[in-house]
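Read through the structure below, which is laid out as structure tokens, and then see the notes.
The structure presented is a predicted model; accordingly, all values stated were derived computationally and were not measured.
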Amino acid sequence: MRHIAIVGSGPAGYYTAEAALKAFGPGNEGAVRVDIFDMLPVPFGLIRSGVAPDHQSIKAVSRRYEKVALDDRVRFVGNVAIGRDVSVDELRGLYDAVVLATGAPRDRPLGVPGEELGNVFGSAAFVGWYNGHPQFAQLAPDLSGKTAAIIGMGNVALDVARILAKTPGEFSGSDIVAHALDALADSNIERIFILGRRGPHQIAMTPKELGELGELDRAAPLVRARDLPDLREDEALEPGQRKSVSHLRAFAAAGEAARAGKPVTIDFVFNVTSKALHGAGRVEAIDLERTRLAAGRSVATGETFRLPVDLVVSCIGYRTVPIPGVPFDEAGGRFANEDGRIAPGLYCVGWARRGPSGTIGTNRPDGYAVVELVEADLAAASAGEKQGGAGFDALAAERGLDVVSFTDWKRIEEAETIAAREGAPREKFVDVGAMIKARG
Ligand SMILES: Cc1cc2nc3c(=O)[nH]c(=O)nc-3n(C[C@H](O)[C@H](O)[C@H](O)COP(=O)(O)OP(=O)(O)OC[C@H]3O[C@@H](n4cnc5c(N)ncnc54)[C@H](O)[C@@H]3O)c2cc1C
């Protein structure tokens, strides 16, 4: 019998479990037991707390993970934070392999003066707020001002801009949490700047998500034709990027007419870098410096200007949270690893391995590849019977940990479904106590 602990129940964790069931299934090593730990009482990581609430078809991938979760050989061990409740070394003593799938939940700092001002948020916090992550549910961003600045030109920036721009009616069928829906309904924001360090050819926005900005009820994008490179230069782009840029061209061509009658403008500002934030307690302005492209990189020009803003959300990437005893790559913001191996018996996968890039599906080959490493290391190691889940249960009882099982989660989910407003799939619990209580 092989015992595998996976820390983190997001996509990377579940794909790793799926791969382990296949690799160590009947006909191979005979038997495997997989425990999937999560610090929250609810599973699925960013599928629940990152993917936009108005993109329910993407969130539906969790049904695939549920199949894995319901396998007899797999347990969900929720409400247990590794590194706080139980150490990685303790897990390594109990399991043949420990795979860290803890994601990259910490915002990369902007690194400019004024970052600590009120109403300046990283996207992990802001997205966590509208998605009901217990850590950020109390964020209470002030949406009473007229202007928001979103820093970064990736898909997360698009999500944040779209969520800020939508009418309450456009959230029907979504699982945006009630506190965010109410706050957005009262929002005064009229101009949403999306600020990028580089130009239109360097955006990291996928075509479908970018195209959505052209279909909003009360908001329309503003792209200035003068910012776009010569059309012929698009030919050198890979097809997906060319399609994204063609959306920018369509927004520019639609011009003012497309914005008529739409009180909210989503304004693309290319080739700027943020230098400082100003305000008395709360942010009031951002200093920007114009940049130019040199060999694909942005280079500062020395030309600065100030933009009045009432809210800032930086969407410039994420870092993994270090865990005591696990080597960390400070520059990369993730666990130090070689293709997923930290040390024999200790691995990492998903965003905790490679940083915050790619789609949900990118984590699948990651999970399968790390299980190949586990197989190879176990084949080379001398067989010693580890205690696995039974050993963990004894430790949890000794420490008085309140472990949440997958059956408990299904009860929490049922309570969320029952509480849903009309047309919504669920109304999420936004604090751990309420989740635990709903378990019954
Ligand atoms: C705002 C946003 C929107 C996105 N939208 C899309 C999209 O529309 N389409 C798409 O393809 N991709 C999207 N992505 C990317 C996708 O969410 C990621 O590729 C994926 O979630 C990464 O999976 P992961 O398992 O590595 O990390 P995560 O999903 O972050 O899962 C990590 C899990 O580990 C748990 N954890 C962390 N630390 C500990 C600890 N110490 N002990 C126990 N548990 C712990 C966390 O609670 C969490 O459940 C989006 C990402 C973001 C941030």
Within the 6.0 Å centroid threshold, strictly below: F136 and Y130: no

Centres of the W409 and F76 rings: under 6.0 Å? no

Decide, yes or no, whether a salt bridge links R162 with D54 under the criterion of side-chain N to carboxylate O below 4.0 Å. yes

If the threshold is 4.0 Å, N to carboxylate O, is there a salt bridge linking E413 and K410? yes

Do the side chains of R399 and D85 get close enough for a salt bridge, i.e. N-O under 4.0 angstrom? no

Side-chain heavy atoms of D287 within contact of H278, under 4.5 Å: yes

Is it true that R439 and E414 have a side-chain N and a carboxylate O under 4.0 angstrom from each other? no

Applying side-chain contact (heavy atoms from CB on, under 4.5 Å) between F121 and each of V312, L139, V283, report the one that passes. L139

Ring pair (Phe, Tyr, Trp, His ring centres under 6.0 Å) partners of residues 83-114, not counting sequence neighbours, each pair once: none

Run the salt bridge (charged side-chain N to carboxylate O under 4.0 Å, His left out) test on K428 and E416 for me, step by step, so that the C-alpha distance in whole Å, both residues' side-chain angles and the decisive distance to 0.1 Å come before the verdict. CA-CA 5 Å; K428 289 179 196 164; E416 290 187 338; over 6 Å; no

Charged N to carboxylate O under 4.0 angstrom, R282 versus D310? yes

Quick test of your reading: applying ring pair (Phe, Tyr, Trp, His ring centres under 6.0 Å), list the pairs with at least one residue in residues 418-440, sequence neighbours left out, ordered by first then second residue. none

Are F335 and I323 close enough, and set up right, to give a side-chain contact (heavy atoms from CB on, under 4.5 Å), and what steps lead you there? CA-CA 9 Å; F335 296 120; I323 298 181; 4.0 Å; yes

